[in-house]
Amino acid sequence: MECKPIDQNDRKKEMMAIHDAMDVLSGKWKIYIISSICHYNKRRFSDILNDVVGISNKMLSKELKELEFNKLVKRTVLDTHPVTVLYELTKHGKTLQTIINNLTDWGLQHRKEIIG
C-alpha cells in the first residue's frame, strides 16, 4: 500500500474522519467487545465478560452503553427470569466487521514478524 499526496483541505477532512473514528472506538476494550459480539452475532453480558479477558463488570457496562449511544450495538432485554440481555451489532456496527478482520489479520502477521 502506498501513501499518496493529497490536497491540504482533503487531508484535513481525512484527519477529522480519523479523529471521529478514534473517538468512538478508543479505549482499551471497545474493539474487543465489538469483536466478541461480531464473532458470535448475539451475546449475553456474561458471555462478553468471559470472552474479553480482564474487563470488569462496571467497565463492560460503561463501554456497552457508549457503543449503544454511538449506534454500534443494540441491546435487547428478554422477558425471562432472571432477565436476559442480548447484545448484537447494529447494521451500522456491522460495517466494522472488515476493520475487525483486518486488525486480526494484521495482528497475526505482526506477531509472526516480531517473533519470527
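Note that the structure is a prediction, hence the values are computed from the model and not measured.
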Could you name each residue pair satisfying side-chain hydrogen bond (donor to acceptor under 3.5 Å, both in side chains) that touches residues 89-101, not counting sequence neighbours?
none
From Leu49 atom CG to Asn57 atom CG, the distance as rounded to the nearest 0.5 Å:
5.0 Å
Asp7 meets the side-chain contact (heavy atoms from CB on, under 4.5 Å) criterion, sequence neighbours left out, with Asn9, Asp10
Considering residues at least two apart in sequence or located in another chain, which fulfil the side chain to side chain donor-acceptor pair (under 3.5 Å) criterion with Asp51?
Ser36
With heavy-atom distances below 4.5 Å as the criterion, would you say the side chains of Leu25 and Leu72 are in contact?
yes
Interatomic spacing from CE in Met22 to CE in Met15 - rounded to 0.5 Å
11.0 Å
Side chain to side chain contact (heavy atoms under 4.5 Å, CB included) between Leu64 and Ile37, worked out:
CA-CA 11 Å; Leu64 284 167; Ile37 296 169; 4.2 Å; yes
For the CG atom of Asp20 and the CG atom of Asp23, what is their distance to the nearest 0.5 Å?
7.0 Å
Do Ile48 and Ile55 pass the side chain to side chain contact (heavy atoms under 4.5 Å, CB included) test, and can you show the C-alpha distance, the side-chain angles, and the key distance before you say yes or no?
CA-CA 9 Å; Ile48 301 169; Ile55 194 169; over 6 Å; no
Residue list, side chain to side chain donor-acceptor pair (under 3.5 Å) with Asn50, at least two apart or on another chain
none
Contacts of Ser56 meeting side chain to side chain donor-acceptor pair (under 3.5 Å) (sequence neighbours excluded), chain-then-number -> none
Tell me, which pairs form a salt bridge (charged side-chain N to carboxylate O under 4.0 Å, His left out) where one or both residues lie in residues 95-105, sequence neighbours left out?
none
Kindly write out the residues that satisfy side-chain contact (heavy atoms from CB on, under 4.5 Å) with Ser61, not counting sequence neighbours, or none if the list is empty.
Phe45, Lys65
Let me confirm one number: the CG-CD distance from Asn102 to Gln109, rounded to the nearest 0.5 Å.
12.0 Å
Remaining members of hydrophobic cluster (4.5 Å side-chain criterion), Leu78
Leu86
Please list, chain by chain and in numerical order, all residues satisfying side-chain contact (heavy atoms from CB on, under 4.5 Å) with Val85, sequence neighbours excluded.
Arg75, Val77, Val83, Tyr87
Side chain to side chain contact (heavy atoms under 4.5 Å, CB included) between Met16 and Lys12, worked out:
CA-CA 6 Å; Met16 183 52 87; Lys12 286 182 180 181; over 6 Å; no
For Glu66, give me all partners under salt bridge (charged side-chain N to carboxylate O under 4.0 Å, His left out), at least two apart in sequence or on another chain.
Lys30, Lys62
Please report the C-alpha distance between Val52 and Trp29 in whole Å, then the side-chain angles of each, then the deciding distance to 0.1 Å, and finally whether the side chain to side chain contact (heavy atoms under 4.5 Å, CB included) criterion is met.
CA-CA 8 Å; Val52 180; Trp29 304 109; 3.4 Å; yes
Could I get the full list of ring pair (Phe, Tyr, Trp, His ring centres under 6.0 Å) partners for His110, not counting sequence neighbours?
Trp106
For the side-chain contact (heavy atoms from CB on, under 4.5 Å) test, which of Val73, Asn41, Thr76 pairs with Glu88?
Thr76
Please name all residues satisfying side-chain contact (heavy atoms from CB on, under 4.5 Å) with Ile99, sequence neighbours left out, ordered by chain then number.
Leu96, Leu103
